[in-house]
Amino acid sequence: MSRTAVYSALVLRSRPSGESNSEVFLLTGEEGIIRATVFGGAKSKLRAFASPYNSGQVWIYRDKSKDYAKLSDFDVRSWRPGLREMYDRTMAAAAVAETILSSHGGGGEWARALNLATETLDILESSGEDLCGHLLVHFLWRWAGFLGIQPDVEHCASCGRGEDSLLWFNAHEGTALCATCGTSSVFQSESQASGNYRSANSQRLYLNPGCRRWLLAVGGLSPSYLHRFSMDNKSFHEAKALATAVLAGALGRRLVSWEW
């Protein structure tokens with residue numbers, strides 16, 4: 001029986017291993033996250049191929065008796081050099097990769113997970129500074145949907161009121177409530193404050209109608225259409241706070257890469 005298998009893969013992370021080798025973490029469409037050793041020093045052609053955010057076909061040699069995997073070849077189809085040419089692109093790509101790794105590749109539909117990641121990275125590679133943050137929030141929101149934890153932000157979870165009404169997201173409960181259905185004295189006083197997207201209670205996040213309309217409009221779209229949907233800075237921060245709060249609840253922690 002052959003010990004070598006071929007996968008469609010995206011390199012999420014690479015780190016030194018020993019004196020001259022490296023260890024890579026791959027998201028594959030067939031088996032999810034795979035960790036493999038890449039042999040060779042800094043001038044190794046294969047090691048250069050296995051750089052973060054490159055994707056294509058990989059050949060993995062496995063020795064199951066030793067719980068060992070080696071990257072033996074890599075046919076790179078997408079290099080994405082643009083991700084390394086701008087700080088905001090680099091940081092957004094790192095946040096995408098860390099989110100995937102921290103959630104173990106999504107835990108199931110590997111091909112869909114791989115598609116979600118590569119779609120975002122493809123558009124991110126040539127995006128301007130302003131769009132980079134929107135692409136990250138868009139990915140995080142879609143990833144929450146992929147994990148099955150995306151909350152309903154269109155209507156109050158209790159009374160069903162929606163449209164242009166004020167809603168607060170309760171991170172502890174994972175639901176959005178209007179001021180009337182929440183602790184009204186607290187919600188109403190906080191909604192009249194200076195417009196902060198996070199309330200004094202860090203478990204409650206303010207969601208204005210503009211933020212919610214953007215999330216509802218782009219949630220099911222490819223990132224290639226994202227440039228058509230504008231969002232003001234206040235709504236952007238609310239959308240980012242919501243997406244990261246939802247994922248942090250599932251992961252049990254906030255990722256440092258989200259905070260750039």
Side-chain angles (χ1 to χ4, degrees), residues 1-85 89-125 135-136 139-140 142-143 146-147 223 247 250-253 255-258:
M1 176 184 255
S2 174
R3 293 185 176 183
T4 300
V6 184
Y7 302 93
S8 300
L10 166 69
V11 182
L12 297 175
R13 180 187 295 167
S14 176
R15 65 187 184 188
S17 177
E19 294 184 2
S20 61
N21 304 323
S22 62
E23 184 179 53
V24 293
F25 292 79
L26 308 166
L27 172 62
T28 70
E30 295 79 12
E31 290 186 20
I33 303 295
I34 293 178
R35 183 176 64 180
T37 300
V38 183
F39 288 94
K43 296 183 179 180
S44 165
K45 183 177 179 181
L46 183 58
R47 186 169 176 176
F49 285 179
S51 296
Y53 320 128
N54 289 350
S55 61
Q57 278 195 317
V58 299
W59 281 255
I60 302 291
Y61 170 85
R62 275 203 176 94
D63 186 338
K64 293 185 178 180
S65 65
K66 298 180 180 179
D67 191 23
Y68 166 80
K70 179 184 76 171
L71 180 67
S72 57
D73 202 359
F74 195 165
D75 178 14
V76 182
R77 306 289 176 82
S78 296
W79 297 86
R80 302 186 179 91
L83 295 176
R84 303 169 186 87
E85 295 173 355
R89 294 176 189 166
T90 301
M91 297 304 291
V96 168
E98 188 179 6
T99 300
I100 295 169
L101 281 169
S102 297
S103 51
H104 307 288
E109 297 179 62
W110 312 124
R112 185 181 167 203
L114 181 60
N115 185 61
L116 286 172
T118 55
E119 272 189 332
T120 296
L121 295 178
D122 284 342
I123 303 303
L124 185 62
E125 184 192 5
L135 281 165
L136 174 59
F139 171 79
L140 296 178
R142 292 179 79 202
W143 193 254
F146 173 63
L147 297 179
L247 289 172
L251 300 178
R253 62 190 177 96
L255 303 184
V256 175
S257 59
W258 294 339

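Being a predicted model, the structure only gives us computed values, none of them experimental. Only heavy atoms go into these numbers, but all of them, side chains included; no hydrogens, no water, no symmetry mates.
The ring pair (Phe, Tyr, Trp, His ring centres under 6.0 Å) pairs that include a residue from residues 6-41 number zero, where partners must be two or more places apart or lie in different chains. The list of side-chain hydrogen bond (donor to acceptor under 3.5 Å, both in side chains) pairs with a residue in residues 115-124, not counting sequence neighbours, reads Arg80-Asp122, Glu119-Arg142. The stretch residues 47-67 participates, sequence neighbours left out, in these ring pair (Phe, Tyr, Trp, His ring centres under 6.0 Å) pairs: Phe49-Trp79.
Separation of atoms OG1 (Thr28) and CD1 (Ile33) is listed at 7.5 Å; rounding is to 0.5 Å. Taken from OG in Ser78 to CG in Asn54, the straight-line distance is 8.5 Å, to the nearest 0.5 Å. Atom CG in Leu101 sits 11.0 Å away from atom CG in Leu251 (nearest 0.5 Å). Taking CG of Leu12 as the start and OG of Ser102 as the end, the distance is 10.5 Å to the nearest 0.5 Å.
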Criterion side chain to side chain contact (heavy atoms under 4.5 Å, CB included) on Leu147 and Leu247, from CA distance to verdict: CA-CA 9 Å; Leu147 297 179; Leu247 289 172; 3.9 Å; yes
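Screening Arg35, Lys70, Arg47 for a salt bridge (Lys or Arg N to Asp or Glu O under 4.0 Å) involving Glu23 leaves a single residue, Arg35.
Ala69 approaches Arg62 most closely through the heavy-atom pair CB-CG, 4.1 Å. In this structure, Ala9 and Val58 approach most closely via the heavy-atom pair CB-CG2, 3.7 Å. A pairwise comparison of heavy atoms in Ala36 and Leu71 identifies CB-N, 3.9 Å as the closest pair. Taking each heavy atom of Val24 and Ala50 in turn, the nearest pair found is CG1-O, 3.7 Å.
Ser51 places a side-chain N or O within 3.5 Å of a backbone atom of Ala48 that can act as its donor or acceptor partner. Looking at Arg89, its side chain does come within 3.5 Å of a backbone N or O of Gly82 through a donor-acceptor pair.
Looking at Phe139 and Leu124, their side chains never come closer than 4.5 Å, going by heavy atoms from C-beta outward. Contact annotation: the side chain of Leu46 approaches that of Phe74 to within less than 4.5 Å [non-hydrogen atoms, C-beta and beyond]. Side-chain contact between Glu30 and Ser8 is present, with at least one heavy-atom pair separated by less than 4.5 Å. Leu121 has its side chain within reach of Leu10: a pair of non-hydrogen atoms, C-beta onward, lies under 4.5 Å apart. Here the side chains of Ile60 and Leu26 are in contact, with some heavy-atom distance below 4.5 Å.
Within a 6.0 Å radius of CG in Asp67, no more than 12 heavy atoms belonging to other residues, nucleotides or ligands are found.
Inspection of the Trp143 and Thr99 side chains reveals no N or O donor paired with an N or O acceptor under 3.5 Å.
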